[in-house]
Amino acid sequence: MTKPVWIRHASQLATLAGGSAAPARGEGMNQLSIIENGSVWLEDGVIQRVGTDADLAEAYSERGHEAEIIDAAGKLVTPGLIDPHTHLVHAGSRQNEFNMRLNGATYMEIMNNGGGIHSTTAATRAASHEELFTQSKRRLDQFLLHGVTTVEAKSGYGMTLSDEIKQLEVAKKLHEEHPIDIVSTFMGAHAVPREYREDPEAFIDLVVNEMIPEVARRKLAEFNDVFCERGVFTPEQSRRILEAGIAHGLLPKIHADEIEPYEGAEMAATIGAVSADHLLRASDRGIQMMAKAGVIAVLLPGTAFFLMAESANGRKMIDAGVAVAISTDCNPGSSPTVSLSLIMNLGCLKMGMTPAEVLSAATINAAHAIRRAHEIGSIEIGKKADVTIFDVPDFMTLQYRYGINHVDTVVKNGTIVVRGGRLT
Ligand code: NIG
Ligand code: FE
């Protein structure tokens with residue numbers, strides 16, 4: 001039996017309470033529901049009570065000695081951070097392409113010449129389960145050290161039935177064996193693989209007729225994603241792929257308007273996607289349509305930063321009533337980072353979001369983007385005991401002192417997994 005964990009005297013306890021039924025929008029994204037001198041009791045993997053320290057001291061006057069007490073005086077306590085968009089499971093590394101881009105090549109040129117997603121696909125196809133597991137587990141450990149307790153993970157570097165399944169099986173094993181929870185997305189339509197260059201429709205047939213049914217049958221993913229981009233999959237092709245997923249119970253997500261405006265946001269709205277992600281070049285009409293349809297915008301300012309492109313206009317989207325979440329996009333080509341904290345910093349500095357909005361975006365709205373808001377994303381009674389403690393006195397300082405990993409303690413499912421900034 002693990003001991004109860006009692007977090008006491010938080011200078012700010014940002015509960016994010018009240019948003020489980022629907023994602024925060026507009027002014028709601030600034031509401032963090034902060035308790036000063038806050039306290040939380042975690043037991044049996046669940047949040048049992050949350051309030052002021054005086055309230056909990058009274059409630060647990062008899063049982064206080066049973067608990068492992070964490071003194072959070074001078075610190076900020078938040079829900080465990082949630083990363084709703086990663087390409088976690090992959091092999092290899094692309095620092096050479098980074099260097100090529102710094103010498104003038106573009107991301108799409110590199111990809112169209114057989115590098116980019118294709119080079120990670122070659123490395124991932126060649127890797128064994130064990131190699132993929134080991135490389136991905138290392139990234140997950142780093143996510144945990146950055147205060148992240150749940151991660152969405154996409155396939156898409158296999159692009160054959162067996163290699164896509166290999167990636168998803170590794171994600172499943174990581175979910176079972178690593179403290180971080182993983183939510184899986186099938187993304188067979190991440191690119192048209194080289195061997196189908198002359199006949200992309202045949203590849204789409206394979207995705208629609210073989211991969212999606214098999215992934216769904218084996219329950220290896222909950223979501224289905226597609227890279228809708230000029231030179232990759234058209235909006236029409238993307239729609240066909242997402243509709244095939246829907247028919248098999250896989251909820252649609254979409255990489256939309258990342259490099260060029262391509263009416264991806266519009267398509268996300270008309271198909272009823274759970275989220276549209278990237279949106280650097282989304283049109284005003286697309287943004288309006290997303291707000292109306294309730295599609296969550298998952299914004300990835302690290303990708304814009306790393307591709308040296310202009311970020312998505314998070315400010316405009318929030319003001320238009322779109323629910324915004326943010327994520328690392330962790331992948332070897334366009335955003336090789338696990339630092340959701342840095343991503344929050346960029347959300348403020350490059351997308352015009354406030355410190356409160358980026359925290360909503362990385363917690364409760366990120367939970368909605370992966371359909372987990374009933375169990376994570378806020379510190380409320382009955383939710384999972386996933387809590388991150390930052391060594392900063394308030395939520396503004398977390399963004400102000402940028403580029404620093406301020407994580408002190410992480411509790412996952414009621415167990416202390418990071419203490420003093422180190423894995424336990
Ligand atoms: O989200 N845009 C497509 N997929 C990834 C990049 C994948 C890669 O370059 O390996 C993204 O940016
Ligand atoms: Fe991505």
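Please read these numbers as outputs of a predicted model, since none were measured by experiment. First listed ligand is number 1; within each ligand, the first listed atom is number 1.
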By the definition side-chain hydrogen bond (donor to acceptor under 3.5 Å, both in side chains), identify the one residue from D329, T185, D225 that meets it with K154. D225

Touching ligand 1 at all, E229? Heavy atoms, strictly under 4.0 Å? no

Basic-acidic side-chain contact under 4.0 Å: D205, R240: yes

Structural part of M111 in contact with ligand 1, heavy atom criterion under 4.0 angstrom: neither

Best match, Y107, Y157, F306: closest heavy atom to atom 10 (O) of ligand 1: Y157

Within the 2.8 Å cut-off the protein N, O or S neighbours of the Fe ion (ligand 2) are H85 NE2, H87 NE2, H255 NE2, D329 OD1

Around atom 12 (O) of ligand 1, find the nearest protein heavy atom and jot down its residue, atom name and distance. S334 OG, 2.6 Å

Assess R101 against F306: is NZ or CZ under 6.0 Å from the centre of the six-membered ring, and within 45 degrees of the ring's axis? yes

of all protein heavy atoms, closest to atom 4 (N) of ligand 1 is H190 NE2, 2.8 Å

So the atoms of ligand 1 within less than 4.0 Å of a heavy atom of H85 turn out to be 1 (O)

Criterion side-chain hydrogen bond (donor to acceptor under 3.5 Å, both in side chains) against S327, the qualifying member of T303, T86, D83: D83

Quick one, E236 with R239, criterion salt bridge (charged side-chain N to carboxylate O under 4.0 Å, His left out). Give me CA distance, side-chain angles, the key distance, then yes/no. CA-CA 5 Å; E236 295 68 37; R239 178 181 292 279; over 6 Å; no

Answer yes or no for K350 and F305: cation-pi contact, defined as NZ/CZ to six-membered ring centre under 6.0 Å and angle to ring axis within 45°. no

Of all the atoms in ligand 1, which lie at a distance below 4.0 Å from a heavy atom belonging to I117? 7 (C), 8 (C), 9 (O), 10 (O)

Output yes when E195 and R125 qualify as a salt bridge under the 4.0 Å nitrogen-oxygen rule, no when they do not. yes

Do you see a donor-acceptor pair shorter than 3.5 Å between the side chains of S275 and K253? yes

Take the angle between the ring planes of Y157 and H90 and call it parallel below 30°, perpendicular above 60°, tilted in between. perpendicular

Numbering as shown, the atoms of ligand 1 that approach E258 to under 4.0 Å (heavy-atom distance): 2 (N), 3 (C), 12 (O)

List the closest protein heavy-atom neighbour of atom 11 (C) of ligand 1: residue, atom name, distance to the nearest 0.1 Å. D329 OD2, 3.1 Å

Side-chain donor-acceptor contact under 3.5 Å, D277 with H85: yes

Sole candidate of V418, V407, V417 that passes side chain to side chain contact (heavy atoms under 4.5 Å, CB included) when paired with L145: V418

For ligand 1, which part of H90 has a heavy atom less than 4.0 Å away: the side chain, the backbone, both, or neither? neither

Does H278 come within less than 4.0 angstrom of ligand 1, counting non-hydrogen atoms of the residue? yes

